[in-house]
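Notes follow once the structure below has been shown.
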Amino acid sequence: MRIAIFSDVFYPELSGISDSLISLTKELAAMGHEIRFYVPEYSAKNYAFAGLPPAELDIGSNISFKRLFSVPYPTGTKQGRLVIPFPLFLFDIKKFNPDIIHTQLFFGAGIGALLAGAFLKKPVIGTNHTAIKEFVKFSPLRGKWVSSLALRYVNWYYGKCGLITAPSRSVIDEMRFYGFKKESRIISNPVDTGTFTPIGNKKRLKKKFGLGNYVVIHAGRLSRERKINVIIDAARRVKKQFPAAELAIAGRGVAENELKSQAEKLGIKSSVKFLGFLDQRTLSDAYNASEIFAITSTSDTQSMVMMQAMASGLPVIGVKSRALPEYINKKNGILIEPDDAGALAKKILFLFKNPEKRKELGAGARKFSLHFSSKSIAKSWEKIYENGIKGYYLRNTK
């Protein structure tokens with residue numbers, strides 16, 4: 001198959017969507033399919049923010065890219081781009097002649113996907129990765145009317161697709177509450193369980209990052225909606241009873257300076273290590289140099305960094321919000337109420353003081369993550385694409 005993938009977020013922007021798409025398409029390409037991405041163009045500053053050279057991604061001979069004209073757009077990564085879907089790209093996609101179009105988001109590139117589907121008369125499948133209400137809370141425009149308008153728009157947009165998928169039930173439930181009625185399916189984003197895997201020689205890895213024996217780690221976009229401030233507050237509480245405890249934070253984002261300032265004001269600056277942007281192999285090392293992964297975001301529709309941490313063998317402490325309870329269970333982690341730094345601190349202390357339980361949950365996390373390996377999810381998508389193509393032509397030849 002020839003598969004065209006449209007996404008408003010992609011490399012080099014810090015994003016779980018980007019990570020999942022790269023993992024998925026590498027597997028699809030290895031299975032013999034040809035993929036062409038239609039994604040934003042990014043500036044040299046965007047690459048520099050992530051510590052990357054301004055060069056195109058090289059992930060295989062069956063994968064190519066068409067960068068779409070875009071302008072800066074404020075997001076939690078300082079890298080956000082808004083695609084302006086000028087129709088000139090239609091000449092490119094006509095030449096590629098995809099069998100199916102897969103759209104990941106509903107902004108400019110997403111509109112381009114709908115245009116391409118209508119122009120080429122090809123099936124379009126959509127994936128919604130976004131918790132709309134949470135997204136709106138932290139956007140430049142806020143309010144109930146904005147949230148309601150955004151949800152109506154999202155339902156309209158995905159109503160134009162032949163099938164809608166999402167990585168968690170919470171996304172579909174929100175859409176259905178606002179009237180979405182079309183066919184839908186839950187399919188997890190894939191996890192690179194080869195790169196993210198338990199590694200021996202923990203002592204060497206701790207030395208590499210300058211970390212001690214009791215480390216909680218968080219990773220991802222450093223933005224306000226992810227509520228990393230709750231983890232830093234919990235770290236302060238933990239250190240009162242467990243002075244050797246440390247917190248490692250990997251990633252970049254608009255809230256980075258605020259978080260550093262918070263750690264300094266709480267008197268734990270030396271125990272909170274900001275690791276910056278890490279490539280996937282280095283991030284895997286950082287997970288393996290840690291004991292616990294913590295996530296307090298109330299906006300995640302799956303959380304790729306959490307799944308990567310699980311694949312690396314870390315137990316997870318997360319909040320009962322959005323998709324997290326769909327992925328955290330009693331065999332791989334612990335759930336707490338949102339915004340409760342005290343509860344988070346108690347669970348961190350419990351796992352620090354009970355290494356056998358920590359080990360048990362870590363093993364359970366690794367086992368759980370294997371259900372979402374890139375190879376397994378790619379096979380599922382292969383069937384979805386095949387059925388999408390067959391269904392489209394059956395509907396349109398009657």
Side-chain angles (χ1 to χ4, degrees), residues 198 202-203 205-206 209-220 222 226-251 255 259-260 262-275 283 285-298 300 303 305-322 324-325 327-366 368-369:
K202 206 174 186 76
K203 187 175 180 180
L205 294 173
K206 285 184 174 294
F209 295 100
L211 298 172
N213 293 324
Y214 299 95
V215 180
V216 178
I217 190 169
H218 177 79
L222 307 188
R226 296 184 62 78
K227 299 189 176 181
I228 303 165
N229 61 302
V230 177
I231 304 176
I232 294 176
D233 190 8
R236 173 185 63 86
R237 297 165 189 251
V238 169
K239 282 193 69 64
K240 287 182 178 180
Q241 296 185 49
F242 216 92
E246 292 176 302
L247 172 62
I249 299 174
L259 297 172
K260 288 179 177 178
Q262 180 190 6
E264 186 171 6
K265 288 177 181 177
L266 293 177
I268 57 171
K269 180 181 177 181
S270 63
S271 299
V272 181
K273 294 181 168 54
F274 288 83
L275 305 179
L283 181 57
D285 286 350
Y287 287 143
N288 277 276
S290 307
E291 279 63 51
I292 301 165
F293 181 86
I295 180 167
T296 48
S297 170
T298 55
D300 277 66
S303 179
V305 288
M306 179 183 74
M307 300 304 294
Q308 291 163 353
M310 284 187 179
S312 302
L314 286 187
V316 172
I317 303 175
V319 297
K320 298 175 185 176
S321 181
R322 288 286 172 177
L324 299 188
Y327 288 92
I328 302 172
N329 58 57
K330 63 183 180 180
K331 293 183 179 180
N332 62 29
I334 299 171
L335 284 165
I336 60 170
E337 294 299 324
D339 304 312
D340 193 339
L344 177 57
K346 287 179 183 178
K347 297 307 181 184
I348 290 171
L349 286 166
F350 170 75
L351 291 181
F352 277 165
K353 294 174 181 178
N354 293 273
E356 288 303 314
K357 184 64 175 179
R358 203 168 68 227
K359 183 178 179 181
E360 176 191 326
L361 292 176
R366 172 63 184 178
F368 179 76
S369 74

Ala286: partners by side-chain contact (heavy atoms from CB on, under 4.5 Å), with sequence neighbours left out: Phe209, Ile217, Leu275, Leu278

Nearest atoms (heavy-atom pairs only) where Ala248 meets Val215: CB-CG1, 4.1 Å

Sub-4.5 Å side-chain heavy-atom contact between Val319 and Ile336: yes

side-chain hydrogen bond (donor to acceptor under 3.5 Å, both in side chains) against Arg358, all qualifying residues, sequence neighbours excluded: none

Distance in Å, Ile334 CD1 paired with Ile317 CD1, rounded so as to fall on 0.5 Å steps: 5.0 Å

Results of side-chain contact (heavy atoms from CB on, under 4.5 Å) for Lys202 - residues two or more places apart only: Lys206, Glu291

Pairwise side-chain contact, Ile295 with Arg226, heavy-atom cut-off 4.5 Å (strictly under): yes

Minimum heavy-atom distance Val305-Ala219, with the two atoms named: CG2-O, 3.2 Å

All side-chain hydrogen bond (donor to acceptor under 3.5 Å, both in side chains) counterparts of Asp340, not counting sequence neighbours: none

Considering all heavy atoms, the nearest Pro325-Arg322 contact: CD-O, 3.4 Å

Heavy-atom pair of closest approach, residues Ile268 and Ala235: CD1-CB, 4.0 Å

Closest non-hydrogen atom pair, Thr298 against Pro338: CG2-CB, 3.9 Å

Sidechain-backbone polar pair: Thr296 side chain, Lys227 backbone, donor-acceptor under 3.5 Å: yes

Spacing of CZ belonging to Phe293 relative to CG belonging to Asn332, to within rounding of 0.5 Å: 12.5 Å

Residues forming a salt bridge (Lys or Arg N to Asp or Glu O under 4.0 Å) with Arg236, sequence neighbours excluded: Asp233

Contacts of Ser297 that satisfy side-chain hydrogen bond (donor to acceptor under 3.5 Å, both in side chains) - sequence neighbours left out: Ser299, Asp300

Spacing of Leu247 atom CG and Lys273 atom NZ [to the nearest 0.5 Å]: 9.5 Å

Any Leu324 side-chain heavy atom under 4.5 Å of Val316 side chain: no

Salt bridge (Lys or Arg N to Asp or Glu O under 4.0 Å) involving Lys260 - partner list, sequence neighbours excluded: Glu256

Smallest separation among heavy atoms of Ala245 and Ser271, with atom names: O-CB, 4.0 Å

Spacing of Leu266 atom CG and Lys239 atom NZ [to the nearest 0.5 Å]: 12.0 Å

Audit row: Tyr327, Met307, side chain to side chain contact (heavy atoms under 4.5 Å, CB included) steps and yes/no: CA-CA 8 Å; Tyr327 288 92; Met307 300 304 294; 3.8 Å; yes

Output a table of donor-acceptor pairs, distance under 3.5 Å, between side-chain atoms of residues 343-356 and any protein atom two or more places apart or on a different chain; print 'none' if there are none.
| residue | atom | partner | partner atom | Å |
| --- | --- | --- | --- | --- |
| Asn354 | ND2 | Phe350 | O | 2.7 |

Any residue meeting side-chain hydrogen bond (donor to acceptor under 3.5 Å, both in side chains) with Lys320, in chain and number order, not counting sequence neighbours: Glu337

Min side-chain heavy-atom separation Glu264-Val272 under 4.5 Å: no

Approximate separation, where rounding is to 0.5 Å, of Asn213 CG and Lys203 NZ: 9.0 Å

Note, Tyr214 side chain near Glu246 side chain (heavy atom, < 4.5 Å): no

